[in-house]
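Labels below follow one simple rule: chain letters A, B, ... track the order of the sequence lines, proteins then strands, and each chain is numbered from 1. What you see is a predicted model; the values in this text were computed from it and never measured.
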Amino acid sequence: MIDDETLDRQLCEAMPYIDDEGFTARVMARLPAARREPRWLRAMILLGLTLLGSAVAYLVSGGGRFVREGVIQLSDFPIWLLLVFAFGCGLVVGAFAVIVAVRKTPEVRDVARLRF
Amino acid sequence: MELTDADLVARVLLDDDQHAFGELVRRHQSSVRGLLRQLTRTDLALADDLAQEAFIRAYKNIRSFRGEARFSTWLYRIAYNCFREDARKRKELVGVDEAQLQAEHDPQTVDAGLRHDLMQALSLLPLHERTAVVLCCQKGLSHDEAARVLDIPLGTVKTNVLRGREKLKRTLAAWGPN
């Protein structure tokens, strides 16, 4: 009977590389048309909406008076409290970023699942 | 630096970048077409048609690729499903029993060459064994990956590989050492 090593070698060698010979082009020709707009256009739309939203908020708030009043109120707080608040916000945002990153990275997600 | 499959998939997902998908097709066309040629018993035209269908289906369903397995494994699964749907339509999902396997192996009629005999023997295996042997022994997939492609239990894959290999070795016994 033929041995395993010979069988394995023959099986591997029986699968030679197949030249493309226009195969990829034929596939691409059959793909549906791309529907998404270019990335720069999405960025411009987002920026435009942000500016529009900011302008509306400025006008509705009476010329940004709420911002000035907010800053005045914040300046009444002790410095250490402001630093703790800023640090806390940074931690919360950082934690969310790590969670999202872990969920999107299969290798890290598998390790996290094993250890926790 | 060459982009990985994951990078290319990300570009397709984020920007609907068809050039990135074209690169994925170029990278994997040989292995997908090779797999389908083995499954269709070297019907080249049918294999290429199914391969095209598989890549188009992959593009349309790229969002369902979660990145838990290799991109090639996911592609093989789609290609295998395309083959099964086509075979169902053609009603070719039949196995080959031992007697038929023995009867068709006539040393006096087959051409010389171990490679040719191997391809013949492979094409005569029942579909489930042939697919398992091709995926694990030719494509280099682990049993676990093959189980995902075929959507069958791991134990079944191992059994099919074992049985397929035993049948091939018996069929090719004439090429063994004396």
Could you tell me whether B:Arg11 and B:Asp7 make a salt bridge, using a distance below 4.0 angstrom between a side-chain N and a carboxylate O?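 Looking at B:Arg11 and B:Asp7, the cut-off is not met.
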Residues B:Arg57 and B:Glu85 bridged, charged N to O under 4.0 Å: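 A salt bridge is present here (some side-chain N lies under 4.0 Å from a carboxylate O).
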I'd like to know if the side chain of A:Asp3 reaches the main chain of A:Glu5, judged simply by a donor and an acceptor atom lying under 3.5 Å from each other, with no hydrogens or angles considered.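 Here the side-chain-to-backbone pair exists.
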Under 3.5 Å: donor-acceptor pair, side chain of B:Thr73, backbone of B:Ala69: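 No, B:Thr73 side chain to B:Ala69 backbone: no donor-acceptor pair under 3.5 Å.
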Give me the atom names and distance for the closest heavy-atom approach of B:Asn61 to B:Trp74.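 Where B:Asn61 meets B:Trp74 most closely, the heavy atoms are O-CZ2, 3.5 Å.
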Quick one: salt bridge (charged side-chain N to carboxylate O under 4.0 Å, His left out) pairs with a partner in residues 145-154 of chain B, sequence neighbours left out?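 As it turns out, the salt bridge (charged side-chain N to carboxylate O under 4.0 Å, His left out) pairs with a partner in residues 145-154 of chain B, which skip direct neighbours, are B:Arg70-B:Glu145, B:Arg77-B:Asp151, B:Asp144-B:Arg148.
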Select one option (side chain, backbone, both, neither) describing which atoms of A:Asp19 are under 4.5 Å from chain B's heavy atoms.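 Just its backbone gets close to chain B.
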Any side-chain heavy-atom pair of B:Arg165 and A:Asp8 under 4.5 Å: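 A side-chain contact exists here, since the closest heavy-atom pair is under 4.5 Å.
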With only heavy atoms counted, which part of B:Ala6 is less than 4.5 Å from chain A, the side chain, the backbone, both or neither?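 For B:Ala6, neither part sits under 4.5 Å from chain A.
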Between B:Gln38, B:Arg26, B:Gln18, which shows the greatest number of heavy-atom pairs under 4.5 Å with chain A?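 Option with the top pair count is B:Gln18.
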Does anything in residues 24-31 of chain A get under 4.5 Å of chain B by heavy atoms, and if so which residues?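 The residues closer than 4.5 Å to chain B, in numerical order, are A:Thr24, A:Arg26, A:Val27, A:Met28, A:Arg30, A:Leu31.
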